[in-house]
Amino acid sequence: MVNWSDNARLALERVIQSEPYYLVAITNEETGGLEANITFTDILPSEKSLLDESMTIIRNTNISLQSYIKAIHSNTSKLPIDPILLHPHFTIYDLIEKLTRLRIYHLWRVTPDAVQKPLGAVGVIDVLRYLSFMFRPFREEIKSA
């Protein structure tokens with residue numbers, strides 16, 4: 001987790017360390033509630049010509065995450081950083097439907113209170129692992145038949 005005021009280089013390091021999803025929660029400094037999320041692609045500039053400049057900025061300055069993202073994206077309003085939440089009542093069907101309909105790779109699990117502190121993320125890989133586990137007994141039956 002990072003805050004908007006954290007150093008952009010720190011945020012980049014956390015994204016890289018968050019393998020396999022390359023996903024980091026941006027939380028409110030006071031409440032700890034989930035405000036947004038960033039992935040590795042959000043840290044890359046919107047234009048290829050800004051790549052060298054963005055690397056210089058992140059290496060040589062003490063720029064905040066929020067300032068860095070504004071500097072490297074020409075249109076930050078189109079940046080998909082708003083978190084999409086997973087609620088306890090969701091079924092596996094709800095997860096699959098939401099992931100595919102919205103064309104996203106993860107949903108955030110948050111505390112059920114008004115603060116909504118991040119607990120973790122559930123991604124497409126997790127859903128596929130779950131389905132594989134659930135269908136394992138049926139594969140065994142087919143093999144033995």
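These figures come from a predicted structure and were not determined experimentally.
Connection of F135 to V124 is established within a shared hydrophobic cluster, with ILVMFWY side chains joined at heavy-atom distances below 4.5 Å, either directly or through further cluster members. The hydrophobic clustering, which links ILVMFWY residues whose side-chain heavy atoms are closer than 4.5 Å, places L95 and L131 together. Under the 4.5 Å side-chain contact rule for hydrophobic residues, V122 and M1 do not share a cluster. Side-chain heavy atoms closer than 4.5 Å link hydrophobic residues (I, L, V, M, F, W, Y) into clusters, and following such links, possibly through other members, connects L99 to L128. When hydrophobic clusters are built by joining Ile, Leu, Val, Met, Phe, Trp and Tyr residues whose side-chain heavy atoms come closer than 4.5 Å, directly or via intermediates, I92 is grouped together with L86.
Not a single salt bridge (Lys or Arg N to Asp or Glu O under 4.0 Å) links R109 to another residue, sequence neighbours left out. T91 meets the side-chain contact (heavy atoms from CB on, under 4.5 Å) test with Y93, D94; sequence neighbours excluded. Every residue meeting the ring pair (Phe, Tyr, Trp, His ring centres under 6.0 Å) condition with H87, not counting sequence neighbours, appears here in chain and number order: H89, F90. In this view, D113 and T111, V115 satisfy the side-chain contact (heavy atoms from CB on, under 4.5 Å) rule, not counting sequence neighbours. When the salt bridge (Lys or Arg N to Asp or Glu O under 4.0 Å) test is applied to E97, the partners found at least two apart in sequence or on another chain are R101. L10 is linked by a side-chain contact (heavy atoms from CB on, under 4.5 Å) to D6, N7, R14, counting only residues two or more places apart in sequence or in another chain. For S54, the side-chain contact (heavy atoms from CB on, under 4.5 Å) partners are P45, L51, Y68, I72, not counting sequence neighbours. Looking at residues two or more places apart in sequence or on another chain, you find no salt bridge (Lys or Arg N to Asp or Glu O under 4.0 Å) involving R59. Applying the salt bridge (Lys or Arg N to Asp or Glu O under 4.0 Å) test to E29 and every residue at least two apart in sequence or in another chain returns nothing.
Separation of atoms CD1 (I104) and NZ (K98) is listed at 7.0 Å; rounding is to 0.5 Å. Atom CE of M55 is separated from atom CG of L50 by 11.0 Å, given to the nearest 0.5 angstrom. Note: I69 CD1 to I43 CD1 = 6.0 Å, rounded to the nearest 0.5 Å. The NE2 atom of H106 sits 7.0 Å away from the CD1 atom of I84 when rounded to the nearest 0.5 Å. To the nearest 0.5 angstrom, Y130 atom OH is 9.5 Å from I96 atom CD1. Atoms CG and CZ, on L65 and R9 in that order, are 14.5 Å from each other to the nearest 0.5 Å.
The two residues G32 and P118 have their closest heavy-atom pair at O-CD, 3.4 Å. In this structure, A11 and V2 approach most closely via the heavy-atom pair CA-CG1, 4.1 Å.
Between T27 and N3, the closest side-chain pair of non-hydrogen atoms falls below 4.5 Å. For the pair I38/I26, a side-chain contact is recorded, criterion being any heavy-atom separation below 4.5 Å from C-beta on. Side-chain contact between Q116 and L85: present, with at least one pair of heavy atoms (C-beta onward) separated by less than 4.5 Å. Residues N37 and L23 meet the side-chain proximity criterion, which asks for heavy atoms closer than 4.5 Å. The closest side-chain heavy-atom distance from D126 to R129 is below 4.5 Å.
Side chain of S18 to backbone of V15: a donor-acceptor contact under 3.5 angstrom is found. Remark: the backbone N or O of D52 is paired with a side-chain donor or acceptor of T56 at under 3.5 angstrom.
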